[in-house]
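For reference, the structure discussed in these notes is given below.
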Amino acid sequence: MSGVSERHEVVVVGSGAGGGVVAAELAEAGRSVLLLECGPHKTAADHMRWEARATHELWWPVAFAEPPSPDQPPLVMFRGRCVGGTTTINTKVALRPCAEDYEKWHAAAGLLNDHGDPFAEPDLMPYLERVEQRLGVRERSDWQRCVKTVEPGFEALGAELEPVMSYTDANCMRCGSCLQGCPTNAGKSSLNSYIQPAVVHSGLQLRAGCEVRRVIIENRQATGVEYVNADGETDRVDADVVVVAAGALATPGLLLRSGVREAAGDSASSRLIGRNLGFHVARLVEGLFDEPQDAHMVYPISAHCMQFQRDADGGFVVEAATVQDPIGFATALCDEDGVPLWGDELVQAVRGYRYITGLLTLVNDENTGTVWIDEDGRDRYSFAFNEREQERIDRSLQFAHEVLRKSGAKRLFHTGVLSTHVQGSCRMGSDPERSVVDEHGQSHDVRRLFVGDSSAVPRTLSVNPSLTIMALASRLAEHIAGSYF
């Protein structure tokens, strides 16, 4: 230990869509808040269109969810590792949950509102609106050529391509560098919309490069955290409230390493830590056209088709238009049958990069993944899709192929399944037998320990989750401010 000991009213672990909002709003409410982030503190002044550098500096190394059998490929998972978390390097899509999403939350974990009724849209709407106002959410109808190229394909199949809602402002130059961090601050991350204003005006303390090793638990109450600071020294900070918001892949491991299960006497809720991981399974489906599309120089998700959003209608959303940056594009490219390209065939495909545009499929899943710690202390992940999930994945790919063919693509490509929207590994619910934290995000087992990130989402959303995560975080901040201070 470095000998440093300090106290704050609240310590927040992780600065993404959840932690960044919780920390900022509590600081703005007059609380003493310390925000710890394991990644670096990079701002618009540091961002540039340099894929390899951004992947190294702003992203976690690619994580793999292991398949149920060795003859199947793993599921690739991406997430941000920097101040602002994944909100720093995502595409800023701002979509509200649909009615079916709320119904799934109640069915999965018995989630109730403050009146004892099933949690529904009116319970979250004030916080969705609060976040939308702060982020300046707006409709993006400024489509470029690559989007208009695929629009006829949707129309030919009787499906509508609609403008997307986005948390970007008028400074967006449609340069396509969202995944490397926005160089103009047009993309409204939790860093530039919440954290930085709270640091400047409300006394929020931010420390980057700090890895939290454990939450300190005494008499089944969270009393602080132990972390390794940017100089490699171990420090402790005491707090009245601890909010863990390290993301759906890291939060479960931190809770397990902190001894929540032991403190709870192996309770039903503690045994659910790391269970019910959801992926919102994604795939890039791309087409080669005769004319340049330049889909790399575009606001990456400019439009979407919501016709199949509900499970009964197909259980997937398709977003347009997008293409990976060159390294990721070349690494992940498969032919229409799913066979990875290599050699001269791959070279020819990459040479056609400017002529390729793509669709992103996002599929409703049923939280059939798991996070656990192996005997070497490493975080591990797995998935086991059921027949319903696999059918949705297959149907979404088939539909995207048809759209691109109807749009005039002369050759099709796609990636394997992947996830950038992991959710649900510490689900929120009013029933301790089916959830890890209660309806306000507090652990069923450890007092004053809260989960404030995507891992608390009870069932995977049918839309991009960042807006919902921020709204739930705003609701959590209001609850903590009103209940503990």
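The model shown is predicted, which means the values in this text are computed figures rather than measured ones.
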Discussion item. I'd like to check the ring pair (Phe, Tyr, Trp, His ring centres under 6.0 Å) partners of Tyr102; sequence neighbours left out, ordered by chain and number.
Written reply: Trp105
Discussion item. Suppose the criterion is salt bridge (Lys or Arg N to Asp or Glu O under 4.0 Å): which pairs have a residue in residues 102-113, not counting sequence neighbours?
Written reply: Lys104-Asp311
Practice prompt. Using the test ring pair (Phe, Tyr, Trp, His ring centres under 6.0 Å), find all partners of His304 that sit at least two apart in sequence or belong to another chain.
Written response: none
Worksheet item: Checking Arg310 side chain against Gly315 main chain: does a donor-acceptor pair fall under 3.5 Å?
Response: no
Worksheet entry | side-chain hydrogen bond (donor to acceptor under 3.5 Å, both in side chains) against Asn90, all qualifying residues, sequence neighbours excluded | Lys92, Tyr167
Worksheet item: Who pairs with Arg134 by side-chain hydrogen bond (donor to acceptor under 3.5 Å, both in side chains), at least two apart in sequence or on another chain?
Response: Glu28
Side-chain donor-acceptor contacts of residues 149-164 below 3.5 Å, not counting sequence neighbours, with atom names and distances?
residue: Thr149; atom: OG1; partner: Arg145; partner atom: O; Å: 3.0
residue: Thr149; atom: OG1; partner: Gln293; partner atom: OE1; Å: 2.6

Worksheet, complete the sentence: When every non-hydrogen atom of Ser193 is compared with those of Pro197, the smallest separation belongs to O-CG, 3.7 Å
Worksheet item: Does the separation of the ring centres of Phe329 and Phe413 fall below 6.0 angstrom?
Response: no
Worksheet item: Within 45° of the ring axis of Trp60 and under 6.0 Å from its six-membered ring centre, is that where the NZ or CZ of Arg81 lies?
Response: yes
Worksheet item: Can you name the ring pair (Phe, Tyr, Trp, His ring centres under 6.0 Å) partners of Phe279, sequence neighbours left out?
Response: none
Item to complete: Kindly state whether the ring of Phe399 and the ring of Phe308 have centres lying under 6.0 angstrom apart.
Response: yes
Practice prompt. Determine, for Glu336 against Arg405, whether the closest basic-nitrogen to carboxylate-oxygen distance falls under 4.0 angstrom.
Written response: yes
Worksheet item: Hey, does the Lys NZ or Arg CZ of Arg140 hover above the aromatic six-ring of Tyr299, less than 6.0 Å from the centre and inside 45° of the axis?
Response: yes
Worksheet item: Who are the side-chain hydrogen bond (donor to acceptor under 3.5 Å, both in side chains) partners of Ser425, not counting sequence neighbours?
Response: none
Discussion item. By the salt bridge (Lys or Arg N to Asp or Glu O under 4.0 Å) test, which pairs, at least two apart or in different chains, include something from residues 474-485?
Written reply: Arg130-Glu478
Practice prompt. For residues 186-196, pull every pair meeting salt bridge (Lys or Arg N to Asp or Glu O under 4.0 Å), keeping only residues two or more places apart or in separate chains.
Written response: Asp169-Lys188
Discussion item. Using the ring pair (Phe, Tyr, Trp, His ring centres under 6.0 Å) criterion, which residues pair with Phe383? Sequence neighbours excluded.
Written reply: Phe385
Worksheet item: Which pairs count as salt bridge (Lys or Arg N to Asp or Glu O under 4.0 Å) when at least one residue sits in residues 453-468, sequence neighbours excluded?
Response: none
Discussion item. For Val317, is there any backbone N or O sitting under 3.5 Å from a side-chain donor or acceptor partner on Glu319?
Written reply: no
